[in-house]
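Below, chains carry the letters A, B, ... as their sequence lines are ordered, and counting in each starts from 1.
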There are 2 protein chains.
Amino acid sequence: MKIAEVSEKYGLSVDTLRYYERVGLIPPVHRNEGGIRDYNELDLRRVDFIKCMRSAGLPVEVLIEYMGLVQQGDSTIEARKEILVEQRDLVAARLEEMQKTLNLLNHKIEVYEKAILKKEKEMLQIEELMEEG
Amino acid sequence: MKIAEVSEKYGLSVDTLRYYERVGLIPPVHRNEGGIRDYNELDLRRVDFIKCMRSAGLPVEVLIEYMGLVQQGDSTIEARKEILVEQRDLVAARLEEMQKTLNLLNHKIEVYEKAILKKEKEMLQIEELMEEG
DNA sequence: CTAACACCTGGAGTCGACTCCAAGTCAAGG
DNA sequence: CCTTGACTTGGAGTCGACTCCAGGTGTTAG
């Protein structure tokens with residue numbers, strides 16, 4: 001799969017895909033004879049994983065470290081687990097924060113909706129008064 | 001309440017509080033005779049609201065617009081509601097993404113934990129073999 | 001009377017994460 | 001054979017959101 005298609009598929013720009021590879025967030029992608037990127041299954045899974053983690057706010061730096069450890073093999077399993085646990089806790093905390101914010105937003109929207117309805121009712125009454133007058 | 005206390009209370013740096021005020025995210029805070037910020041109840045509620053919204057990822061620019069509309073009074077209620085609805089939907093979407101990521105992280109952590117246990121068991125077996133031998 | 005301290009201002013600097021660009025390579029179509 | 005278009009590179013530029021700094025003021029402690 002060539003880079004433009006990957007970009008399309010995952011909603012990441014071509015530049016972002018190349019950037020991820022440059023900084024080591026994703027190991028070098030498979031290339032065809034002409035030296036052009038040709039993402040294989042593994043490459044795609046990595047892109048998917050990184051996209052998922054980034055969208056939850058995990059810092060690029062942390063993911064670089066993690067992916068580096070993955071490359072080093074089984075001896076780094078404990079270290080990798082530590083990273084994931086730490087990040088999991090951060091994500092869970094953010095999730096809770098966001099849930100609170102979401103509730104507040106919904107509440108505020110409700111209040112605004114009521115205020116708008118009230119305003120509309122008043123408008124109607126004014127119209128009625130004008131018809132009477 | 002003076003700025004250092006507000007900073008402490010909301011976990012925002014003094015510089016951030018002043019920055020929020022400068023860019024219009026929070027309207028000018030009450031000052032004492034000496035011209036020093038002295039946050040009153042309303043000021044604090046605004047800080048709290050902004051902190052909450054920022055922590056959910058609402059852009060500063062959007063919040064500036066929103067707070068500007070609040071200052072303009074009742075005629076802007078519809079516009080404000082529109083902004084909140086739009087942002088609410090974005091927060092809800094992000095929340096869902098993060099929940100997926102959290103699940104994935106938990107799954108991966110579990111896998112790592114099993115791998116670590118297995119490794120430990122193997123170590124034990126090796127120790128036993130050495131004792132026998 | 002002066003030193004320390006907490007505050008003030010406007011402006012510049014930093015940081016993370018892209019995003020854009022100039023210059024070059026290669027394959028396919030007219 | 002030449003152009004078009006999608007790809008390549010390294011490096012520079014941008015953007016959002018702070019964060020820091022120099023220089024100044026005002027109050028309190030010794």
| request: Look at the side chain of T101(B) and the backbone N and O of C52(A), then say whether any donor-acceptor pair between them is shorter than 3.5 Å. | output: yes
| request: Take atom CG of L17(A) and atom P of dC7(D), then tell me their distance rounded to the nearest Å. | output: 11 Å
| query | Taking protein heavy atoms under 4.0 Å as touching, what does nucleotides 9-23 of chain D look like 5' to 3' if B marks base contact, S marks sugar-phosphate-only contact and - marks none? | reply | BBB-----SBBB---
| request: Tell me whether V23(A) is reachable from Y66(A) by hopping between hydrophobic residues (I, L, V, M, F, W, Y) whose side-chain heavy atoms are closer than 4.5 Å. | output: yes
| task | Look at the side chain of R46(B) and the backbone N and O of I50(B), then say whether any donor-acceptor pair between them is shorter than 3.5 Å. | result | no
| field | K51(B) to Y20(B), cation-pi by 6.0 Å centre distance and 45° axis angle | value | no
Are there any protein N/O atoms within less than 3.5 Å of an N/O atom in nucleotides 3-6 of chain D, and if so, which ones and at what distance?
none

| How close do R94(A) and G57(A) get, heavy atom to heavy atom, and via which atoms? | NH1-CA, 3.2 Å
| Any idea which heavy atoms bring G73(B) and T76(B) closest together, and the distance? | O-OG1, 2.8 Å
| task | Go through E21(A) and R31(A) one step at a time and tell me if the salt bridge (Lys or Arg N to Asp or Glu O under 4.0 Å) criterion holds. | result | CA-CA 13 Å; E21(A) 199 177 334; R31(A) 307 284 180 123; 3.8 Å; yes
| Donor-acceptor pair, side chain of D43(B) and main chain of V29(B), under 3.5 angstrom | no
